[in-house]
Amino acid sequence: MLSLTKLLCNSNNFGDDLRYSKGAAQCKYGVNFGRGPVVVWNCTRQCNLKCLHCYAEANNEKCSEELELKEARDFIEDLKMFNVPVILFSGGEPLLRGDFFNLLELTSKLAVRSTISTNGTLLYKDVCKDIKSMNVGYVGVSLDGIGSRHDEFRGVSGAFDKSLKGIRNCIELNQRVGLRFTINKHNFHQIEEIFALIKEEKIPRVCFYHMVYSGRASNIIKDDISKEQRREVMDLIIKKTLELGPKFEILTVDNHADSVYLYLKALKEFPNKANRILQLINSNGGNRSGMAFACVDYKGDIHPDQFTWQYTFGNIKQNKFSDIWKNSDNSILNGLRNRKALIKGRCSKCKWIFVCNANFRTRAEVVYKDFWESDPACYLTDNEIGI
Ligand code: SF4
């Protein structure tokens, strides 16, 4: 995650200290020494929408292999012991899990920060009240366009209106909420409108996700934007971040070439900010899947991130997450933690590899059939990466 607001406007929001703390880039098992990773837990596969790009390939049926409440509680207690900074409840749609509020009750009692990634359609006022009472730190609502554009992408008409209502309910109750927007060629021209929406509705945060080609998104690689469009999108997001200032939090996610692009742009257009940006992106260290970032799916299988379910390092029904994470001898997990020697192609020759850490391996594998190849979504020129 690249916080443009932190880098451009000197703000400090939750998560910035984790992303830009000294020594973090060197830590192989967590966000920093003595801490576990950020854990995304897809606590259910069930979902009431049918999104075209769903990495979890969710559907509207509850899966019998989901973790039982007792298993889920043991897992959360283990994460507390492992000193993870945050549990990110995702799905499917987490609010469809029948015992979801039992889980939030436990995170609240243990004082583990929880966040929810939701499609927002079930954020009724009483649900938001319960979320707020469980000390949830943040609710991220997926919104991939305005009106029918969002509905088409999410596969259900009326989804946009329901999600927006859910966001408004959160804001009314002072529950921190924000947007998750996955950039693709059908919606990138609506980014200006998304900025207008957050201003009008006073939505304090928006994360712009680059597409990662996993799950159902692997069927729509052709819908990703071109390298030129990616540069245009970044130019627009940077411009808008500067206009909005520190009151809003603007981030881009899942393409660490963004950090380099921002720095190179700063050198030319706002050189007084460039040194600080370089310092911060160096301390972050780029992609940290399998290091500072982990994913556990609805069955309890452990993966390096939520887009890399093709690799599993164990299951929490058999062993504690913390044990597996620290002691696994899996070659992919260890490869991710020592990846510089394994990376091939363009990324291996790039002078920014220490800032970007070769970006997303799953995109490389899907496009080039090799997990260690270069990331096809890099939009920097040969000249910019020093080859
Ligand atoms: S070439 Fe690879 S390592 Fe370099 S910025 Fe692009 S994605 Fe990152």
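This is a predicted model, so every value here is computed, not measured. Atoms within a ligand are numbered from 1 in the order they appear, just like the ligands themselves.
Here Lys351 pairs with nothing under the side-chain contact (heavy atoms from CB on, under 4.5 Å) rule; sequence neighbours left out. Glu68 is linked by a side-chain contact (heavy atoms from CB on, under 4.5 Å) to Glu71, counting only residues two or more places apart in sequence or in another chain.
By the criterion of side-chain heavy atoms lying less than 4.5 angstrom apart, applied directly or through intervening Ile, Leu, Val, Met, Phe, Trp or Tyr residues, Leu173 is not grouped with Ile198; the two fall into different hydrophobic clusters.
Look at Asp130 and Lys132 and you find no salt bridge, because none of the NZ, NE, NH1 or NH2 atoms lies under 4.0 Å from a carboxylate O.
Within the structure, ring pair (Phe, Tyr, Trp, His ring centres under 6.0 Å) contacts touching residues 92-117 (residues at least two apart or in different chains) are Phe89-Phe100.
Neighbours of atom 6 (Fe) of ligand 1 restricted to protein N, O or S atoms under 2.8 Å: the count is 1.
Counting all heavy atoms, side chain and backbone alike, Ser108 lies closest to Met134 at CB-O, 3.4 Å.
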